[in-house]
2 protein chains.
Amino acid sequence: MSLPHAILTALLERPSSGLELTRRFDRSIGYFWSATHQQIYRELGKLETDGLIRALPAEQPTRGQKKNYEVLPAGRAELARWTAASQDPKPHRDPLLLRLRAAAVVGTAGLEADLRRHLELHERQLAEYQEIEQRDFPPGRDGTEDRLRHLVLRAGIDLETFWTQWLRRALADFAELPDGESTRPA
Amino acid sequence: MSLPHAILTALLERPSSGLELTRRFDRSIGYFWSATHQQIYRELGKLETDGLIRALPAEQPTRGQKKNYEVLPAGRAELARWTAASQDPKPHRDPLLLRLRAAAVVGTAGLEADLRRHLELHERQLAEYQEIEQRDFPPGRDGTEDRLRHLVLRAGIDLETFWTQWLRRALADFAELPDGESTRPA
DNA sequence: ACGGTTTATGCAACTAGTTGCACAAGGTGA
DNA sequence: TCACCTTGTGCAACTAGTTGCATAAACCGT
């Protein structure tokens, strides 16, 4: 149940409208907590009725009904509570690893191309993170907030590094396999 | 939509009853695709009505109604199709990274203890994987199935290695932070 | 001034996964 | 032998997230 807290965090960083939030979830926040605009609008509604956020009065009252939300004290308190509360790590679910395991019994046909595609996607993501690191975290700055945000970015970088390396190893292994068809033909 | 395929894979490796499957999902398969017994029973029912698996006739007809399932040709075909089909990687969702980002605005109070706990959990998991590697994948063996399964295990090992290292770095960073309370008091 | 695109907000239905409980059979100890 | 525990199976309700559509205003070219 993290979506409301992701939204509270985003709104504390900067009050935003639903659409702005959606955009921010496509970038920075979405790197470790993705959400669609429908989820966001629904959750904004809930958070508002729960009294954790409120819509800022618009400057132009009627023109395009964009609403900017800000976090209320109760919302900040709830976020602090949630952040400090102990949480168990959820078990992973990775379809790609599952497919590899399935390939061990039904054959590897077709899988290699997709591994290659995933490798490309992860390489692109890694490059993007590294750009952000160079742009936003030049050596020297070390406020507490920067430190924490940099730490989160490092997790992203290291994870993508893991995936690119693992996928390269997998592809190298595939190349040595006796044959791309089926290990146990039906 | 991977649960049915996880079950098909497991049943191809060895025909099992619902409870046996549940146990296997707690160990090897569950390392990258977890499922509860309720999910498994429900899915077994679906797979049977869809004609992808069937219950093996029991030796003792009435005694305790345990049912062993095996995969039918249609099931194997479906699994092969799914394994070969291209799939986009799903966006991650990681509450721990989210909490770190939240901590950048509401303060790090309470988080450190949970980071330590997570570190311990990941260390334990890593040790477990390494044991399995030593036990099941001694140097030398290299059938196709072994190679693929070893690859999957390596992913688990490398991921846990990443987490332990990252968490250690995070804790080291926390130790240097000006103060554990709040970076921006409300 | 009209038709098409973009921006912004939102509902409803669906899918996947989780939680909580129910029930029956068989074994175990007092 | 009866209360209790464990094993095995399963339903129902709930929560979280996704997909597909609906609506309306603003902007933009012709």
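Order of the sequence lines fixes the chain letters, A, B, ..., with proteins taken first and strands second; residue numbering starts at 1 for each chain.
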Counting side-chain heavy atoms from CB outward, which of [options] is closest to [X]?
X     : options                : result
B:T36 : D:dC21, D:dT18, C:dT19 : C:dT19
B:Q38 : D:dC11, C:dG10, D:dT19 : D:dC11
A:L19 : C:dT7, D:dG8, D:dG20   : C:dT7

(request) Please report the C-alpha distance between B:L115 and B:L96 in whole Å, then the side-chain angles of each, then the deciding distance to 0.1 Å, and finally whether the side chain to side chain contact (heavy atoms under 4.5 Å, CB included) criterion is met. (result) CA-CA 8 Å; B:L115 290 184; B:L96 193 62; 4.0 Å; yes
Please report the distance, rounded to the nearest Å, between [atom1] in [X] and [atom2] in [N].
X     : N      : atom1 : atom2 : answer
A:N68 : C:dT7  : CG    : P     : 17 Å
A:R24 : C:dA8  : CZ    : C1'   : 17 Å
A:H37 : C:dA12 : NE2   : C1'   : 13 Å
B:L21 : D:dT7  : CG    : P     : 17 Å
A:I40 : D:dT19 : CD1   : C1'   : 15 Å
A:E43 : C:dC11 : CD    : P     : 13 Å
A:L44 : C:dA8  : CG    : P     : 14 Å
B:Y41 : D:dG8  : OH    : P     : 8 Å

(message) Let me confirm one number: the CD-OG1 distance from A:E112 to A:T108, rounded to the nearest 0.5 Å.
(response)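 One finds 7.5 Å between CD of A:E112 and OG1 of A:T108.
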(request) Report the distance from atom OG1 of A:T22 to atom CD1 of A:I29, rounding to the nearest 0.5 Å. (result)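 Going from the OG1 atom of A:T22 to the CD1 atom of A:I29 covers 11.0 Å.
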(message) Among residues at least two apart in sequence or on other chains, which ones pass ring pair (Phe, Tyr, Trp, His ring centres under 6.0 Å) with A:F25?
(response)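 Result, ring pair (Phe, Tyr, Trp, His ring centres under 6.0 Å) vs A:F25: none returned.
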(message) List the residues meeting salt bridge (Lys or Arg N to Asp or Glu O under 4.0 Å) with B:D136, not counting sequence neighbours, and say none if there are none.
(response)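 With neighbours one apart ignored, the set is empty.
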Between the protein and nucleotides 15-17 of chain C, list the N/O to N/O atom pairs that are separated by less than 3.5 angstrom.
from	atom 1	to	atom 2	distance (Å)
C:dG17	O3'	A:R93	NH1	3.2
C:dG17	O3'	A:R93	NH2	3.4

(request) Answer with yes or no whether the side chains of A:E128 and A:Y31 bring together a donor and an acceptor at under 3.5 Å. (result)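 Checked: A:Y31/A:E128 side chains pair up, N/O donor to acceptor below 3.5 Å.
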(message) Over 60° means perpendicular and under 30° means parallel, so tell me whether B:H37 and B:Y41 are parallel, tilted or perpendicular.
(response)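 Rings of B:H37 and B:Y41: perpendicular, as their planes differ by over 60°.
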(request) Find which nucleotide of DNA chain D each of B:K90 and B:R23 is nearest to by heavy atoms, and output the residue with the more 5' nucleotide. (result)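 Whichever sits nearer the 5' end wins; that is B:R23.
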